Amino acid sequence: MRNLYQHSCKVSIETPRLDRAITADAVIVGGGYTGLSTALHLALRGLNAVVIEAGDIGNGCSGRNGGQVNPGLKLPPNDVEGYWGHERGKRMVELSYSAPDVVFSLIEQHGIDCAPARTGTIRAAIDKPGVAQVQELAEQCRNRGGEMSVLGPDEMERMTGTSIYLAGTLDPRGGHINPMAYARGLGLAAQRAGAQLYSQSPALGLQRTSAGWQVTTRNGSVSAAKLIVATNGYTDDLWPGLKKTIAPVYTYIAATEPLSKPIRERIMPSRAALFEAAWDVVYYRIDDEGRLLVGGRGPQRNASSQRDYHHLIKYACKLWPELQGVDWPWGWYGQVAITNDHLPHLTVPDDNAYLMLGYSGRGIAMATVAGQQIATLIASENTADIDIPVRKQLSFMPFQRFWRIGANASIAYHLLRDKLRGR
């Protein structure tokens, strides 16, 4: 099984290894959406930004996700405002629901060839608790001026081609893209603006200096006044304790070859991106070449065989029986950073050190605007009142070292419950 995006991505980017000592205004660890967006927006403000990435640009979940540009956060607006307070929470809600605007604007502005489709996002209910969830979400969004439609079962069948859903919401602000192409496109835009990007250059050490921070790699180093750690679901021990703030949960995706015209017309005729209001958050979309991509739960480890994707294919065939016998040659996985409160964490625990992670499945849109926000904060010398709340201390996840056991136990429990319910 292979990552489809390695095949379908039309954007290429050249980035060398870091093999010498250099200086910069800001050093960014992590070449995903957060780091690339931060580098781009710092460079556009005239600051010298350097990105160092352990693999290739977009190597982490930025090049492995489902490609859905979803408005909003994991939590509904009322919960976000309840957590942060009305004023700060309201700003965070507004930022998250307008985040797709930033993504599609950057794509247009920088000519990123990533198959953008602003066809909306559907949140689909498969049971009565899901119906209540999507109806409440729609009401909360409409109370804040959002254009979110509530769909009944007939409308859901018309838009998806399956009769399984009891209700849903359609948010026209969302859509989908080729995520790896978008990551590389952000990298190219950052390079054109003056940022320096280095790949195959894992950060091996970090130390405070009189002038700021120094990050060392195998054959080089970057010294800078500002440090941004943007490693998200692939966070290690570079910054002490940061790894303990997230659960790096695995998500799996399987994809078909381009479907025949009759099947393509039947499956997801709305061409929206869809994710279910359920414990396992199955999600899917049709890409620009007519392939069906289906993602969701999976073994909490690196995939070992095609069997690890069988549950996704089986579920897709349940939604659309005409998929029986269709070839699924593509399968890949990535790690999504889940925080204890399901909110993104921007932490500034030391002078000019910015730690950003934890998008809980909303990474394309939220990581992009997070980079924009961090750049604004840095350019203002920390005086700007940005929309993302800034934490001063790390917020640790209870029993984080047992995250894999907990995730696998939850999957086993819900799989059994689904089987008993006949799902």
Side-chain angles (χ1 to χ4, degrees), residues 34 68-102 121-125 127-150 167-171 173-174 232 244-247 249 275-281 336-349 354-370 372-374 377 384-400 403 406 410:
T34 305
Q68 300 200 0
V69 186
N70 292 326
L73 298 166
K74 180 76 170 179
L75 299 181
N78 284 358
D79 290 3
V80 177
E81 292 185 14
Y83 187 93
W84 286 115
H86 176 70
E87 181 181 353
R88 177 62 66 177
K90 179 181 178 182
R91 291 174 60 185
M92 188 63 171
V93 168
E94 291 175 350
L95 178 73
S96 67
Y97 278 93
S98 64
D101 292 339
V102 177
T121 297
I122 296 174
R123 187 168 180 83
D127 53 22
K128 289 183 178 179
V131 172
Q133 184 185 127
V134 299
Q135 290 176 341
E136 178 63 24
L137 176 63
E139 181 179 357
Q140 291 183 26
C141 288
R142 288 195 300 234
N143 288 341
R144 292 165 173 83
E147 299 178 23
M148 187 175 288
S149 305
V150 178
T169 60
L170 174 63
D171 193 326
R173 293 169 289 194
N232 207 38
K244 298 178 181 179
T245 67
I246 61 160
V249 174
F275 63 105
E276 295 183 348
W279 72 271
D280 55 353
V281 195
V336 177
I338 308 294
T339 58
N340 61 329
D341 51 23
H342 296 289
L343 292 168
H345 289 191
L346 171 56
T347 308
V348 184
Y354 309 83
L355 318 177
M356 185 74 231
L357 78 178
Y359 304 108
S360 299
R362 302 295 194 277
I364 293 179
M366 280 308 302
T368 300
V369 296
Q372 192 180 57
Q373 294 264 304
I374 293 168
L377 186 61
D385 181 21
I386 62 173
D387 296 321
I388 296 180
V390 178
R391 305 165 189 251
K392 296 300 182 183
Q393 297 179 333
L394 296 177
S395 180
F396 298 111
M397 175 170 283
F399 309 107
Q400 189 274 344
W403 72 266
S410 179

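Values in this document were obtained by computation on a predicted structure and should not be read as measured data.
- Taking CD of Q393 as the reference point, atom OG1 of T347 lies at 9.5 Å (rounded to 0.5 Å).
- Heavy-atom minimum distance, V131 versus A125: N-CB, 3.3 Å.
- For the side chain to side chain donor-acceptor pair (under 3.5 Å) test with E81, the passing option among K90, Q140, H86 is H86; the others fail.
- Separation of atoms OG1 (T245) and CD1 (I338) is listed at 11.5 Å; rounding is to 0.5 Å.
- Within the model, atoms CD1 of I388 and CE of M366 stand 5.0 Å from one another, a figure rounded to the nearest 0.5 Å.
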side-chain contact (heavy atoms from CB on, under 4.5 Å), that's the test. Do S96 and R362 meet it? Break it down for me. CA-CA 9 Å; S96 67; R362 302 295 194 277; over 6 Å; no
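- Between V80 and G89, the shortest heavy-atom contact is CG1-O, 3.9 Å.
- Taken to the nearest 0.5 Å, the OG1 atom of T169 stands 13.0 Å off from the CD atom of E139.
- Taking a cutoff of 4.0 Å between a charged side-chain nitrogen and a carboxylate oxygen, R88 and D385 qualify as a salt bridge.
- When every heavy atom of I246 is checked against every heavy atom of A337, the shortest pair comes out as CD1-CB, 3.9 Å.
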Could you go through E136 and N78, starting from their C-alpha distance and side-chain angles, then the distance that decides it, and tell me whether this counts as side-chain contact (heavy atoms from CB on, under 4.5 Å)? CA-CA 10 Å; E136 178 63 24; N78 284 358; 4.1 Å; yes
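- Side chain of R91 to main chain of I386: a donor-acceptor pair is present (N/O by atom type, distance under 3.5 Å, no hydrogens or angles).
- The two atoms that bring G358 and T339 nearest to each other are CA-CG2, 3.6 Å, heavy atoms only.
- Across all their heavy atoms, T368 and I364 have their closest contact at OG1-O, 2.6 Å.
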Go through it in stages, so that I can follow the logic: the residues are K244 and L394, the test is side-chain contact (heavy atoms from CB on, under 4.5 Å), and I'd like the CA-CA distance, side-chain angles, deciding distance and then a yes or no. CA-CA 9 Å; K244 298 178 181 179; L394 296 177; over 6 Å; no
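- Q133 places a side-chain heavy atom less than 4.5 Å from the side chain of R123.
- A distance of 9.5 Å separates CG in N340 from OG in S360, rounded to the nearest 0.5 Å.
- Separating the CG atom in L75 from the CG atom in L73 is a distance of 7.0 Å, to the nearest 0.5 Å.
- For Q373 (side chain) and D387 (main-chain N/O), a donor-acceptor pair under 3.5 Å exists by modelled atom type.
- Taking 4.5 Å as the limit, every side-chain heavy atom of T34 sits out of range of all side-chain heavy atoms of N232.
- In terms of heavy-atom proximity, P71 sits nearest to Y97 at CB-CD2, 3.7 Å.
- A 4.5 Å side-chain heavy-atom check between P344 and M92 finds at least one atom pair inside the cut-off.
- Within 6.0 Å of atom CD in E147, 12 or fewer heavy atoms from other residues, nucleotides or ligands are found, so the atom counts as exposed in its surroundings.
- Residues L343 and K74 form no side-chain contact, since every pair of their non-hydrogen atoms from C-beta on lies 4.5 Å or further apart.
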